[in-house]
Amino acid sequence: MEEQQDFVKEVTKMSDDFDRWYTEVVRKAEMADWSGVRGMMVVRPYGWAMWEAIMRAFDDMIKESGHENWAFPLLIPREFLMKEAEHIEGFAPEVAWVTKAGGRMEELEDPLAIRPTSETIIGAIIRRYIQSYRDLPKLTNQWNSVVRWEMRSRLFLRSREFWWQEGHTFHASAKEAIEEADLILRYYRSIAEDWLAVPVLAGKKSPAETFPGAVHTLTIEGLMRDGLALQMRTSHYFGQNFANAYDISFSNRENERELCHSTSWGMSTRLVGAVVMGHGDDSGLIVPPKVAPIQVAVVPIFRDDAGRSKVEAFIDGWAPQLKAAGIRFRVDWRDERPGDKYAHWELKGVPLRLNVGGRDADAGQVEMVDRLTREKVAVPVAGIAARLSAELEGFQKKLFERALKFQRDNTFELETLDEVIAHYREKGGFVWASWCGDTDEEARIKTESGGVTIRVIDEETKPSGKCLVCGEPAKFRVALAKAY
RNA sequence: CGGGCGGUAGCUUAGCUCGGAAAAGCGCCUGGUUUGGGACCAGGAGACCGGAGGUUCAAAUCCUCUCCGCCCGACCA
């Protein structure tokens with residue numbers, strides 16, 4: 001982490017206490033808050049706007065590849081939930097149930113689960129709409145919120161209710177379903193890297209970390225600035241497990257009944273937390289331009305009414321160009337002093353700030369300040385929209401490169417469990433190692449290291465040498481990390 | 001869900017040990033002077049002290065229960 005001057009004074013320094021820093025930034029940047037009901041989050045406009053940008057980007061991607069949005073019910077009958085044994089076993093501890101309803105709080109005959117995810121109800125319903133191979137693939141998605149009864153919560157990262165999209169697709173062949181899960185993982189990677197500027201490791205989860213009921217789970221894992229990994233979403237291939245449990249079948253060309261192959265995949269408001277933790281600094285947020293609710297903050301500077309009129313007229317001269325260029329900007333006319341406004345927009349992580357005073361008006365220029373480098377440069381107003389667009393693009397790129405450098409500087413290659421344990425006593429980051437594939441040994445890594453887990457299996461690269469735990473020939477190359 | 005700590009104005013807290021008219025700073029509102037990195041003066045609004053019950057002539061303060069938050073752990077696909 002770079003040295004920073006104390007530009008913003010109202011947040012705990014990241015280096016002093018990362019967790020406190022995180023909570024203070026999220027709240028003081030007006031992104032989210034607690035609601036008074038335990039674990040239930042309020043997402044405020046500044047945080048929600050980032051989520052909206054993510055939603056739009058992802059929604060465009062999946063529409064392009066033929067997915068359709070649906071709305072399935074919030075409440076799930078118990079018998080629907082119970083059908084896939086592994087799935088329900090995995091989710092049982094965090095399901096909330098509606099057991100009473102109505103003015104007299106009458107006990108329901110059959111309790112209804114509040115969806116923790118919708119595989120079960122979609123499976124139970126979608127079978128109606130799938131009869132022939134001609135109905136396949138069925139590519140569904142829904143934007144909604146789900147409830148998981150978590151015991152410990154953090155804003156955006158883990159709350160009892162969170163907002164996400166859940167995609168559920170049904171295919172005629174295993175190959176097609178596997179390709180679907182791969183495709184979605186590529187989309188997720190693009191959201192993380194191209195939109196949020198957070199570089200990720202992509203790969204397969206170990207069997208112990210695989211989604212309940214899935215054949216395999218794919219994941220993207222980002223590295224936060226405190227050195228902990230964050231699972232930034234997953235994509236699952238179910239084989240025929242759900243199709244079997246819910247009898248989702250179709251007639252093939254030969255008029256034989258076959259079970260569908262299915263997938264599911266989800267991406268949540270947790271990503272907003274990844275933006276905070278992946279880019280922030282001691283002064284607060286740094287928001288990637290592509291998802292920034294405000295990309296450019298304009299701070300007018302003047303002494304008196306005459307000065308104000310002059311600056312206002314000057315800004316009015318070129319602001320419409322920014323609007324026309326689709327730049328999300330705000331002119332800060334609040335009755336505050338410039339220094340307050342600087343700190344305010346820095347805390348909120350607005351990529352570019354324009355300081356505009358009488359001297360600038362005379363010179364036909366503005367002072368542009370970069371939130372990342374804090375460099376100040378004079379920018380002529382002639383051609384300002386094109387210049388700012390280019391600067392924002394450059395900012396997005398710089399932010400990604402900085403995060404990529406951070407990730408590389410914090411990625412290591414080790415051979416034995418002892419080395420891994422010693423490493424995580426000192427620092428964080430990713431550690432690549434080789435593993436034989438034994439689940440008990442995987443559990444040993446976690447217990448003996450104090451929480452280090454296998455985050456990703458890299459299937460592209462052959463493992464070198466021996467398993468870090470048992471020393472037998474390795475089958476997998478894996479990335480280890482402590483994670484959120 | 002266990003262990004520890006906390007909840008008093010929008011925020012941060014003092015007051016609680018030892019019961020006896022609810023305070024401060026910041027923020028907010030009004031007016032004025034100000035404004036290129038965080039101003040100042042004057043006036044003002046704002047709190048049933050998280051909630052319920054109890055002890056007492058009297059409770060922010062003592063007791064019980066409960067809700068919410070923070071830290072640690074378990075759990076977290």
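Numbered from 1 within each chain, the chains take letters A, B, ... in sequence-line order.
Nucleotides C57(B) and G10(B), compared at atom C1', are 37 Å apart to the nearest Å. As rounded to the nearest Å, C67(B) and C28(B) have P atoms that lie 36 Å from one another. Rounded to whole Å, the separation between the P atoms of A39(B) and A21(B) comes to 39 Å. For the C1' atoms, the distance linking U61(B) with A14(B) amounts to 13 Å, nearest Å. Using C1' as the reference atom, U34(B) and G69(B) are 40 Å apart when rounded to the nearest Å. A42(B) and G27(B) have their P atoms separated by 15 Å, given to the nearest Å. Comparing the same atom, P, in C29(B) and in G2(B) gives a spacing of 45 Å after rounding to whole Å. Taking the P atoms as reference points, A60(B) lies 16 Å from U55(B), given to the whole Å.
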Problem - Summary of protein contacts for nucleotides 27-35 of chain B, nucleotide by nucleotide, where a base hit scores B, a sugar-phosphate-only hit scores S (4.0 Å, heavy atoms) - result: -S-----BB
Exercise for the section: Using a 4.0 Å heavy-atom cut-off, write out nucleotides 1-13 of chain B from 5' to 3' as B (base contacted by protein), S (sugar-phosphate only) or - (no contact). Expected result: B------------
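No engagement by Arg160(A) is indicated, since no non-hydrogen atom pair under 4.0 Å with the nucleic acid exists. Across all strands shown, Gly357(A) has heavy atoms under 4.0 Å from base atoms, whether or not it also approaches the sugar-phosphate. Using a 4.0 Å heavy-atom criterion, one finds that Ala208(A) contacts the bases of the nucleic acid, with or without backbone contacts as well. Heavy atoms of Thr217(A) sit nowhere under 4.0 angstrom from any nucleic acid atom. Among the protein residues, Gly39(A) comes within range of the sugar-phosphate backbone only, with heavy atoms under 4.0 Å from sugar or phosphate atoms but none that close to a base. Heavy atoms of Gly213(A) sit nowhere under 4.0 angstrom from any nucleic acid atom.
Expressed to the nearest 0.5 Å, how far CZ of Phe238(A) lies from OG1 of Thr263(A) amounts to 7.5 Å. Summarising the geometry, atom CH2 belonging to Trp164(A) is positioned 4.5 Å from atom CD belonging to Glu166(A); distances are rounded to the nearest 0.5 Å.
Using Watson-Crick or G-U wobble geometry with both donor-acceptor distances under 3.5 Å, G36(B) finds no partner in any strand shown. The partner of C26(B) is G10(B), by the rule that a Watson-Crick or G-U pair needs both atom distances under 3.5 Å. For C49(B), there is no paired nucleotide, since no Watson-Crick or G-U wobble pair has both relevant distances below 3.5 Å. Across all strands shown, G31(B) forms a Watson-Crick or G-U wobble pair with C41(B), both key distances being under 3.5 Å. Searching all strands for a Watson-Crick or G-U wobble partner of U55(B) with both distances below 3.5 Å returns nothing. Both distances falling under 3.5 Å, in either a Watson-Crick or a G-U wobble arrangement, occur for no nucleotide opposite U61(B). Base pairing analysis places C1(B) opposite G73(B); the two distances defining the Watson-Crick or G-U wobble pair are each below 3.5 Å. Base pairing analysis places C18(B) opposite nothing; no Watson-Crick or G-U wobble pair with both distances below 3.5 Å involves it.
Remark: Lys205(A) is not positioned above the aromatic ring of Phe211(A), lacking an NZ or CZ atom under 6.0 angstrom from the ring centre and at most 45 degrees off the axis.
In Glu179(A), the CD atom is crowded: over 12 heavy atoms of neighbouring residues, nucleotides or ligands sit closer than 6.0 Å. Residue Arg104(A) qualifies as open at atom CZ: its count of foreign heavy atoms under 6.0 Å is 12 or below. The neighbour count for Lys398(A) NZ, taken as heavy atoms of other residues, nucleotides or ligands under 6.0 Å away, is above 12. Around the CZ atom of Arg154(A), the shell of radius 6.0 Å holds more than 12 heavy atoms that belong to other residues, nucleotides or ligands.
Whole-Å rounding puts the Phe162(A) CZ to A77(B) P distance at 10 Å. Between the P atom of G37(B) and the CH2 atom of Trp345(A) lies a distance of 19 Å, rounded to the nearest Å. Rounded to whole Å, the distance from OH on Tyr22(A) to C1' on C70(B) is 16 Å. Counting to the nearest Å, the P atom of G36(B) and the CG atom of Asp360(A) are 13 Å from each other. Spacing between atom CG of Asp370(A) and atom C1' of G37(B) amounts to 17 Å, rounded to whole angstrom units. What separates CZ of Phe314(A) from P of G36(B) is a distance of 18 Å, to the nearest Å. Distance CZ (Phe238(A)) to C1' (A77(B)): 10 Å, rounded to an integer number of Å. Atom CG of Asp362(A) is separated from atom C1' of G36(B) by 13 Å (rounded to the nearest Å).
Distances were taken from every side-chain heavy atom of Glu150(A) (C-beta onward) to each of C76(B), G37(B), A77(B); the shortest belongs to C76(B). Closest contact between the side chain of Trp34(A) and the listed nucleotides G36(B), C70(B), A77(B) involves C70(B).
Residues Thr453(A) and Arg455(A) meet the side-chain proximity criterion, which asks for heavy atoms closer than 4.5 Å. Looking only at side-chain heavy atoms (C-beta outward), Arg353(A) and Lys341(A) stay at 4.5 Å or farther from each other.
Across the interface with RNA chain B, nearest-nucleotide mapping of Arg27(A) and Lys446(A) shows Arg27(A) to be the residue nearer the 5′ end. Positionally, the nearest nucleotide of RNA chain B for Asp340(A) lies more toward the 5' end than for the other of Thr210(A) and Asp340(A).
Residues that satisfy the side-chain contact (heavy atoms from CB on, under 4.5 Å) test with Ala32(A), not counting sequence neighbours, are Val26(A), Met41(A), Leu155(A), Phe156(A).
A donor and an acceptor atom never sit less than 3.5 Å apart when one is taken from the side chain of Lys341(A) and the other from the base of G36(B).
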Only distances under 3.5 Å count here; give the side-chain donor-acceptor pairs of residues 477-484 of chain A to other protein atoms, sequence neighbours excluded, each with its distance to 0.1 Å.
{"from": "Arg477(A)", "atom 1": "NH1", "to": "Glu413(A)", "atom 2": "OE2", "distance (Å)": "2.9"}
{"from": "Tyr484(A)", "atom 1": "OH", "to": "Asp226(A)", "atom 2": "OD2", "distance (Å)": "2.5"}

Handout entry: Criterion salt bridge (charged side-chain N to carboxylate O under 4.0 Å, His left out) on Glu442(A) and Lys446(A), from CA distance to verdict
Key = CA-CA 7 Å; Glu442(A) 180 182 2; Lys446(A) 186 173 180 179; over 6 Å; no
Every protein N/O lying under 3.5 Å from an N/O of nucleotides 40-47 of chain B:
none

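Sorted by first and then second residue, the side chain to side chain donor-acceptor pair (under 3.5 Å) pairs with a member in residues 293-315 of chain A read Lys310(A)-Asp362(A); sequence neighbours excluded.
The side chain of Trp149(A) places no N or O atom within less than 4.0 Å of a non-bridging phosphate oxygen (OP1 or OP2) of C75(B).
Minimum interatomic distance between Met40(A) and Ser35(A) (heavy atoms only, all atoms of both residues): O-OG, 2.8 Å.
At least one donor-acceptor pair closer than 3.5 Å links the side chain of His87(A) to the backbone N or O of Pro212(A).
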